[in-house]
Amino acid sequence: MTHFNHPTPPNTENRDPAARKDFLREKVSEDAASGRFGRPIHTRFPPEPNGFLHIGHAKSICLNFGIARQFAGKCNLRFDDTNPTTEDVRYVEAIRNDIRWLGFAWGEERFASDYFERLYGIAEELVRSGKAYVDSQSEEAIREGRGTVTVPGTPSPFRDRPVEENLDFLRRMRAGEFADGAHVLRARIDMAHPNMLMRDPLLLRIRHAAHYRRGTAWCIYPLYDFAHGLSDAFEGITHSLCTLEFKDNRELYDWLVREAGFDRPPEQTEFARLELDYTVLSKRKLLRLVTEGLVTGWDDPRMPTIAGLRRRGVTPEAIRAFADTIGVARSEARIELATFEHAVRDDLNMRVPRVMAVTRPLKLVLTNYPADRVEMLDAPLYPHDVPKTGSRPVPFSRELWIERDDFMEEPPKKFFRLAPGREVRLRYGYLVTCTEVRKNQAGEIIEIHATYDPATRGGDAPDGRRVQGTIHWVSAAHALDCELRLYDRLCAVPDPDALPEGQDFVSALNPSSLITVRGAKVEPSVAADPAGSRYQFERTGYFISDPADSRAGALVFNRTVALRDSWAKVKDR
RNA sequence: UGGCCCUUCGUCCAAUGGCAGGACAGCGGACUUUGGAUCCGUUAAUGGAGGUUCGAAUCCUCCAGGGCCAACCA
């Protein structure tokens, strides 16, 4: 049968995974190849300075800056600062700082508030061409006149105001003659349009409020739709990437740049915003957490903000790797926390030194070890499978702290740690055998006695006998006291945005999102390290000395993420 | 009485009319001085019904489910 016309199957094996194309890159790639815009690829990241950036913004940043870099173009940082009542220069500074920290550099720094004059000029043009009018209805009347998604709107009684009258009102609006809400400028499009955004959208509103950059120079401020697309056009943006909920706005975006006469205007393309399990990614909700004191600030390590993740110990590399692995598409995507945590561990595993710290100390006394002896053991900073070198001295003595969880009087099956009569390895130290359990009046275990095998220094038995368990420890006489902040998921439910009707997301916060442990013990090698140093506390998790609160003599460590714990799974069965 | 968008393993992303593949998670094993890491193996999906076609995840129709739009927020 020769009439079957089999096309050559696509060659999948020599495709470079790093160059794999998502639908955005595919589009940009085509446009770059066709020279469609007649200018280099130009994207922009347009935050409103009314809050801190979060991991969802990081996805957008990686996309916008990443695409610009990949196609030898530029990415502007533009502050979309058109609402004087919510914005602040403090946020501008935080946003700049976070983007730099993430590892990106912007082409030009722009402010929508620098375009007020130019936008006003376009407003007058629209009025002159009959494409805009001043509406003097109340806010309520405008809302009612818009209709609903299923019923068409009705025209404002001011819709057919003569051009000269419109111009006069517009100029007087700008001059500050009217109170807030007295008039607005609206585009004249179609009050029965199936797209609600096209039902004579508002362009300019009166706000007698000081703007953090423009002061009181203006009392009329553009709305998002009026400012955004035109700002893109002013800057020569080619690809305006935004999230799915702006899909309907695109029609208005296109209308405005066309009416303003732009040749080869930017094109908006939407992608799915990031949703992450067990947290919230809405600026409104994050702001509430901050203002209501539910967290310590925008940089609280429980926050999904860039600043919070940074303080938590997450690296920019991990965030970028995460953005790469989740990809980008047009379907709403909720990412499991495990995906994020994998990116964090995967990065930290290869870069941070190992040290030993005991979270909940239990005294271990080696009864056959001389009371006055201290040995300095040489312990590698990295395990055999991490291609880094270096070691630190770790003091060993008769009295040690071990982890309370590493001893069980009546161990279940598969518990490999210390128990009466059981031998374990003290990491980098000796093999020890438990000989006695001491308890207080209340029956609580207060001290474990054991003997050590002097022939096993370093942890290997010359007779070749194997022990199942290795536990970490610190010398009691040399241990440094420290505070451990054990962070966990912000929310108690996977999707705090989908709570039953009327239930506040605050009620879904995880009460154990922070457990502060005082009296933890860490080995002395970390004493002089600067705040912000990262470690793996062996067998426990990745930690960072708190950049704000940790100091010599009062060490504070934030848990970035716990180590994977397969024992926990066994235990739960 | 609307418009638009989305639907592929548990989760995320590919497959662009031609063998449904990768990552994370899970499970099993090897290795291990971290119950970590690493390595090997493995479970697991095209929402449903029609249609077009030699051939459909892909194109068409209908249905179902989910999302966005009725702020002088962005």
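Every value quoted in this text rests on a predicted model; they were computed, and no experiment measured them.
In this structure, A:Asp460 reaches the bases: a heavy-atom distance under 4.0 Å links it to at least one base atom across the strands shown. Residue contacts shown for A:Gln536 include a base, since a base heavy atom lies under 4.0 Å away. If you check every strand for non-hydrogen atoms under 4.0 Å, A:Arg425 touches a base. Base engagement by A:Arg354 is indicated by at least one non-hydrogen atom pair under 4.0 Å involving a base atom. Here A:Ile326 lies in heavy-atom contact (under 4.0 Å) with sugar-phosphate atoms only. Using a 4.0 Å heavy-atom distance criterion, A:Arg417 is classed as a base contact. Residue contacts shown for A:Gln137 include a base, since a base heavy atom lies under 4.0 Å away. Across all strands, A:Val151 comes closer than 4.0 Å to no nucleic acid atom at all (heavy-atom distances). Heavy atoms of A:Glu245 sit under 4.0 angstrom from primed sugar atoms or phosphate atoms, though from no base atom. Heavy atoms of A:Ser331 sit under 4.0 angstrom from primed sugar atoms or phosphate atoms, though from no base atom. At the heavy-atom level, A:Gln468 lies nowhere under 4.0 Å from the strands shown. Using a 4.0 Å heavy-atom distance criterion, A:His472 is classed as making no nucleic acid contact. Counting any heavy atom pair closer than 4.0 Å across all strands shown, A:Val386 reaches no nucleic acid atom. Heavy atoms of A:Thr82 sit under 4.0 angstrom from primed sugar atoms or phosphate atoms, though from no base atom.
Contact annotation: A:Arg345 side-chain N/O to B:G36 OP1/OP2 distance is not under 4.0 Å. Between B:C73 and A:Arg207, a contact under 4.0 Å exists linking OP1 or OP2 to a side-chain N or O. Checking the phosphate oxygens (OP1, OP2) of B:A74, no side-chain nitrogen or oxygen of A:Arg284 falls inside 4.0 Å. Neither OP1 nor OP2 of B:G35 sits under 4.0 Å from any side-chain N or O of A:Arg564. In this model, the phosphate group of B:G36 is approached by a side-chain N or O of A:Ser566 to a distance below 4.0 Å at OP1 or OP2. Between A:His342 and B:C24 there is a side-chain N or O to OP1 or OP2 distance below 4.0 Å. Within the 4.0 Å cut-off from OP1 or OP2 of B:C27, at least one side-chain nitrogen or oxygen of A:Lys569 is found.
Taking the C1' atom of each, B:C12 and B:G17 are spaced 26 Å apart, rounded to whole Å. Taking the C1' atoms as reference points, B:C63 lies 41 Å from B:C72, given to the whole Å. Here, B:C62 and B:C54 have their C1' atoms 26 Å apart, quoted to the whole Å. B:U1 and B:C59 have their P atoms separated by 30 Å, given to the nearest Å. Look at the C1' atom in both B:U58 and B:C19: the space between them is 16 Å, to the nearest Å. For B:C68 and B:G36, the P atoms lie 41 Å apart once the distance is rounded to whole Å. Between B:A57 and B:G21, the two C1' atoms lie 13 Å apart (nearest whole Å). Taking atom C1' on both nucleotides, B:U32 is separated from B:A25 by 23 Å, rounded to a whole Å.
Taking the six-membered ring where tryptophan is involved, the planes of A:Phe178 and A:His183 are perpendicular, since the angle between them exceeds 60° and thus also 30°. The aromatic rings of A:Phe116 and A:Tyr221 stand perpendicular to each other, their planes meeting at an angle above 60°, with 30° marking the opposite boundary.
For A:Asp248 and B:G3, a side-chain-to-base donor-acceptor distance below 3.5 Å is present, hydrogens and geometry of angles not being considered. No N or O donor and acceptor, one from the side chain of A:Glu332 and one from the base of B:U7, sit under 3.5 Å apart.
Without hydrogens or angle criteria, A:Asp81 side chain to A:Ala112 main chain gives a donor-acceptor distance under 3.5 Å.
In this structure B:A71 sits in the syn conformation; its chi angle is within 90° of 0.
B:C69 atom P lies 10 Å from atom CZ of A:Phe246, rounded to whole Å. With rounding to whole Å, A:Leu202 atom CG is found 11 Å from B:A74 atom P. The interatomic distance linking A:Tyr278 (OH) with B:U11 (P) rounds to 14 Å, in whole Å. Here B:G66 presents its P atom at 17 Å from CG of A:Leu244, a figure rounded to the nearest Å. Atom CE of A:Met356 is separated from atom C1' of B:G36 by 15 Å (rounded to the nearest Å). At whole-Å resolution of the value, CZ in A:Arg250 and P in B:C5 are 9 Å apart. The distance from atom CG of A:Asn83 to atom P of B:C72 is 12 Å, rounded to the nearest whole Å. One can place CG of A:Asp385 at 11 Å from C1' of B:C39, the figure rounded to the nearest angstrom.
Across every strand in view, B:G41 sits in a pair with B:C27 that passes the Watson-Crick or G-U test at under 3.5 angstrom. Using Watson-Crick or G-U wobble geometry with both donor-acceptor distances under 3.5 Å, B:C4 finds its partner in B:G67. With both pairing distances under 3.5 Å, B:A56 is matched to nothing as a Watson-Crick or G-U wobble pair. Across the strands present, B:G21 finds its partner in B:C13; the criterion is a Watson-Crick or G-U wobble pair with both atom distances under 3.5 angstrom.
Side-chain contact, A:Arg273 with A:Thr243: no donor N or O sits under 3.5 Å from an acceptor N or O.
Nearest nucleotide to the A:Thr148 side chain, out of B:A70, B:G35, B:U1: B:A70. Candidate nucleotides B:A37, B:C69, B:C72 were compared by shortest atom distance to the side chain of A:Asn349, and B:A37 ranks first. When distances are taken from the side chain of A:Asp22 to each of B:A37, B:A14, B:C12, the shortest belongs to B:A14. Taking every side-chain heavy atom of A:Leu223 into account, B:A74 is the closest of B:G35, B:U38, B:A74.
When each of A:Glu336 and A:Val149 is assigned the nucleotide of RNA chain B bearing its nearest heavy atom, the one mapping closer to the 5' terminus is A:Val149. Nearest-nucleotide mapping onto RNA chain B: of A:Ala333 and A:Phe415, the residue sitting toward the 5' end is A:Ala333.
Because its NZ or CZ atom is both nearer than 6.0 Å to the ring centre of A:Phe169 and within 45° of the ring axis, A:Arg172 counts as a cation-pi partner of that residue.
Between A:Phe234 and A:Tyr115, the gap from one ring centroid to the other is short of 6.0 Å. The six-membered or imidazole ring of A:Tyr430 lies near that of A:Tyr452, with a centre-to-centre distance under 6.0 Å. A centroid separation of less than 6.0 Å is found between the aromatic rings of A:Phe543 and A:Phe537.
A:Leu276 places none of its side-chain heavy atoms less than 4.5 Å from the side chain of A:Arg334. Considering only heavy atoms from C-beta on, A:Phe322 stays 4.5 Å or farther from A:Val344 through its side chain.
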